[in-house]
Every structure is written in structure tokens, then in C-alpha cells.
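No experiment lies behind these values; they were computed from the predicted model shown.
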Amino acid sequence: MRTLRDVPIGQAATVVKIHGSGALKRRIMDMGITKGTEIRVRKVAPLGDPVEVTVRGYELSLRKEDADILEMSE
């Protein structure tokens with residue numbers, strides 16, 4: 001399974017599935033990240049946390065734990 005953390009800087013991928021449940025999944029979906037959404041990785045902090053991405057035309061920073069629940073297309 002390829003997650004958002006596996007997407008290289010400058011590349012884009014599409015969300016295939018959001019793993020997880022409850023408040024975490026709801027928070028991710030409230031940020032506009034849903035199945036079929038394209039996400040482009042802009043930057044990754046030196047220690048890998050957070051990951052800065054572009055979603056639906058705006059910039060967003062996600063923790064590693066949040067990026068790990070997003071299954072991405074190849």
C-alpha cells in the first residue's frame with residue numbers, strides 16, 4: 001500500500017482510500033481530502049514531520065500520522 005508519505009516531493013497522487021475511523025477520519029475529510037482528490041506534495045520538514053501539500057488549490061500541513069492513513073494511487 002502506498003501512502004501519502006511515500007509520494008516524492010513535487011509529485012501528485014490521487015486519494016484511493018482513507019483508512020482509520022472516528023474523529024481523525026472526519027477531520028481529514030473536513031479539510032477537503034476525500035476519495036478521488038488529487039494531492040501534490042510541496043515540502044517535507046527535515047525530520048519528516050509535517051508534510052506540506054496542496055489540496056484543492058490551498059496549502060495544508062499534515063502530520064506523519066495523518067499522511068499514513070491516506071492510501072494513494074501510483
[X]: salt bridge (charged side-chain N to carboxylate O under 4.0 Å, His left out) partners, not counting sequence neighbours:
{"X": "R56", "answer": "none"}
{"X": "E52", "answer": "R42, K43"}
{"X": "D68", "answer": "R5"}

Contact check, side chains of T54 and L60, non-hydrogen atoms, under 4.5 Å = no

Do the non-hydrogen side-chain atoms of L62 and L70 ever get within less than 4.5 Å of each other?
-> yes

Partner residues of P46 under the side-chain contact (heavy atoms from CB on, under 4.5 Å) criterion, sequence neighbours left out | none

Go through the structure and list residues passing side-chain contact (heavy atoms from CB on, under 4.5 Å) with V41, not counting sequence neighbours.
-> L4, V7, I9, V44, V51, V53

Would you give me the side-chain donor-acceptor pairs under 3.5 Å for residues 12-19, sequence neighbours excluded?
from, atom 1, to, atom 2, distance (Å)
H19, NE2, E71, OE1, 2.7

Give the minimum heavy-atom separation between S73 and R2, together with the two atoms involved.
-> O-NH1, 2.7 Å

Work out which heavy atom in K25 is nearest to a heavy atom in G20; give both atom names and the distance.
-> CD-O, 3.6 Å

Taking 4.0 angstrom as the limit, do D30 and R27 come out as a salt bridge?
-> no

